[in-house]
Amino acid sequence: MADPAPYRARDWDVHPAYDYPAYASTEFRAPKQPLVPIPHTLSEVTGPSFGREAAPEGEADLTVNARVNGEPMGERIIVTGRVLDENGRAVPDTMVEIWQSNAAGRYIHEVDQHDAPLDPNFIGAGRTVTDADGRYRFVTVRPGAYPWGNHHNAWRPAHIHFSLFGPGFATRLVSQMYFPGDPLLEFDPIFNGSPSPEAMQALVADFSMEVTRPEWALGYEWDIVLRGRDATPMEG
């Protein structure tokens, strides 16, 4: 069997550094020694693989997948886009998972002590699998901003976390999608962690009237590129 084709190395002109002083906790998480390159093997370029059974119908609609006794609070939105590889080709049948705060800026997590209400009808997590064109689609609510203690008067902009399993472990991506026009973006060290203004802008979704449904939900489009020169920046 021929050796699997290697992926291009991560471009540090696009991705945030492991240690980014403005993002205080990276000081403790960043590697203290130079990383050791490991040659790709067949397992890195061919796995993991998920079937559609891993994302049952309804898991991509966060307004219903945890509903107990009513609609989740907040503004309903649609988020969709395409997953592309480093050569601009669609990536079908790949798992896309999201998690986010509720409309009040609160996560269902024991360490989240933000003085904002939990929503009994919103768990803030969902998953889906891309179609033959690499497209994904979620229905959710717009997440709220919240304080996070990184520095004085620090507030996270509205954002949605994404985790993708591409065609191999080498294409695993964890990132965040932001909303256009958010006044908190310029103050957020995670958003500003990338050294490239163009790459930072790639983290901001586009508002789309084509995706928007009349009298029901606003629509946003956000394409995700796995690795390569135009890769979507990793979560800091």
Side-chain angles (χ1 to χ4, degrees), residues 48-68 70-103 107-108 119 121-144 157-168 171-182 201-228 230-235:
S49 178
F50 296 95
R52 297 202 169 273
E53 67 276 6
E57 185 176 357
E59 281 300 301
D61 188 342
L62 281 67
T63 67
V64 302
N65 69 358
R67 185 180 298 184
V68 175
E71 292 273 349
M73 59 184 178
E75 173 195 346
R76 186 189 299 114
I77 60 173
I78 301 167
V79 178
T80 186
R82 298 182 72 205
V83 179
L84 307 169
D85 71 9
E86 56 196 308
N87 297 311
R89 300 171 300 193
V91 180
D93 303 320
T94 197
M95 175 74 72
V96 182
E97 297 175 296
I98 65 172
W99 65 96
Q100 62 170 95
S101 72
N102 66 24
Y107 289 92
I108 301 177
D119 186 340
N121 295 301
F122 189 76
I123 196 172
R127 60 171 52 174
T128 190
V129 175
T130 55
D131 65 14
D133 295 321
R135 182 163 291 277
Y136 70 88
R137 182 179 186 274
F138 289 99
V139 177
T140 183
V141 299
R142 181 175 175 120
H159 62 279
I160 298 176
H161 299 267
F162 276 70
S163 167
L164 289 91
F165 290 93
T171 54
R172 176 80 197 284
L173 176 77
V174 178
S175 190
Q176 300 183 23
M177 185 206 90
Y178 297 87
F179 292 83
D182 192 325
Q201 193 57 41
L203 294 170
V204 181
D206 294 322
F207 169 71
S208 171
M209 282 302 293
E210 291 186 1
V211 176
T212 296
R213 284 182 53 184
E215 302 180 27
W216 196 74
L218 296 180
Y220 296 88
E221 288 199 81
W222 190 54
D223 289 345
I224 303 162
V225 180
L226 303 173
R227 298 190 66 83
D230 298 322
T232 300
M234 296 284 289
E235 188 170 279

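Minimum interatomic distance between D131 and D133 (heavy atoms only, all atoms of both residues): OD1-N, 2.8 Å. Residues A103 and G74 come closest through the heavy atom pair CB-CA, 3.6 Å. For the residue pair V96 and L164, the shortest heavy atom distance occurs at CG2-CD2, 4.0 Å. Here the shortest heavy-atom pairing between V141 and P72 reads CG1-CB, 4.2 Å. Across all non-hydrogen atoms, the minimal contact from G134 to A90 is N-CB, 3.9 Å. For the pair S175 and W222, the tightest heavy-atom approach, listed with the atom from each and the gap, is OG-CH2, 4.2 Å.
Partners of E59 by side chain to side chain contact (heavy atoms under 4.5 Å, CB included), not counting sequence neighbours, listed by chain and number: P56, N65, R127. For D223, the salt bridge (charged side-chain N to carboxylate O under 4.0 Å, His left out) test picks out no residue, with sequence neighbours left out. Taking R227 as the reference, nothing meets the side chain to side chain donor-acceptor pair (under 3.5 Å) condition, with sequence neighbours excluded. Listed by chain and number, the residues in a salt bridge (charged side-chain N to carboxylate O under 4.0 Å, His left out) with R82 amount to none (sequence neighbours excluded). S101 meets the side chain to side chain contact (heavy atoms under 4.5 Å, CB included) test with Y107, P143, Y146; sequence neighbours excluded. Qualifying ring pair (Phe, Tyr, Trp, His ring centres under 6.0 Å) partners for Y220, counting only residues two or more places apart in sequence or in other chains: F179, F207. Scored by the side chain to side chain contact (heavy atoms under 4.5 Å, CB included) test, M234 finds R10, H15, L173 as partners (sequence neighbours excluded). Partners of R137 according to the salt bridge (charged side-chain N to carboxylate O under 4.0 Å, His left out) rule, which considers only residues two or more places apart in sequence or in another chain, do not exist here. Every side chain to side chain donor-acceptor pair (under 3.5 Å) that D61 has, sequence neighbours left out, goes to T63. Looking at residues two or more places apart in sequence or on another chain, you find a side chain to side chain donor-acceptor pair (under 3.5 Å) between S163 and R172. Scanning for side chain to side chain donor-acceptor pair (under 3.5 Å) contacts around T80 gives R135, with sequence neighbours left out.
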- Apply side-chain contact (heavy atoms from CB on, under 4.5 Å) to T171 and D85, showing your working. CA-CA 8 Å; T171 54; D85 71 9; over 6 Å; no

- Message: Could you go through T232 and L203, starting from their C-alpha distance and side-chain angles, then the distance that decides it, and tell me whether this counts as side-chain contact (heavy atoms from CB on, under 4.5 Å)?
- Response: CA-CA 7 Å; T232 300; L203 294 170; 4.0 Å; yes

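Contact check for I98 versus Y136: no side-chain heavy atoms found under the 4.5 Å cut-off. Taking 4.5 Å as the limit, every side-chain heavy atom of E71 sits out of range of all side-chain heavy atoms of N121. Annotation: side chain of L226 is in contact with side chain of V83 (closest heavy-atom distance under 4.5 Å). Side-chain contact between M73 and F122: absent, with no pair of heavy atoms (C-beta onward) separated by less than 4.5 Å.
Remark: the backbone N or O of A158 is paired with a side-chain donor or acceptor of D182 at under 3.5 angstrom.
Atom CD1 in I160 sits 4.5 Å away from atom CD1 in I77 (nearest 0.5 Å). The structure places CG of L218 at 8.5 Å from CE of M209, a figure rounded to the nearest 0.5 Å. Between the CD1 atom of I78 and the CD atom of E221 there is a distance of 10.5 Å, given to the nearest 0.5 Å. Remark: I224 CD1 to L84 CG distance equals 9.0 Å, nearest 0.5 Å.
Within the structure, the salt bridge (Lys or Arg N to Asp or Glu O under 4.0 Å) test picks out no pair touching residues 204-215 (sequence neighbours left out).
At most 12 non-hydrogen atoms from other residues, nucleotides or ligands lie less than 6.0 angstrom from CD1 of I123.
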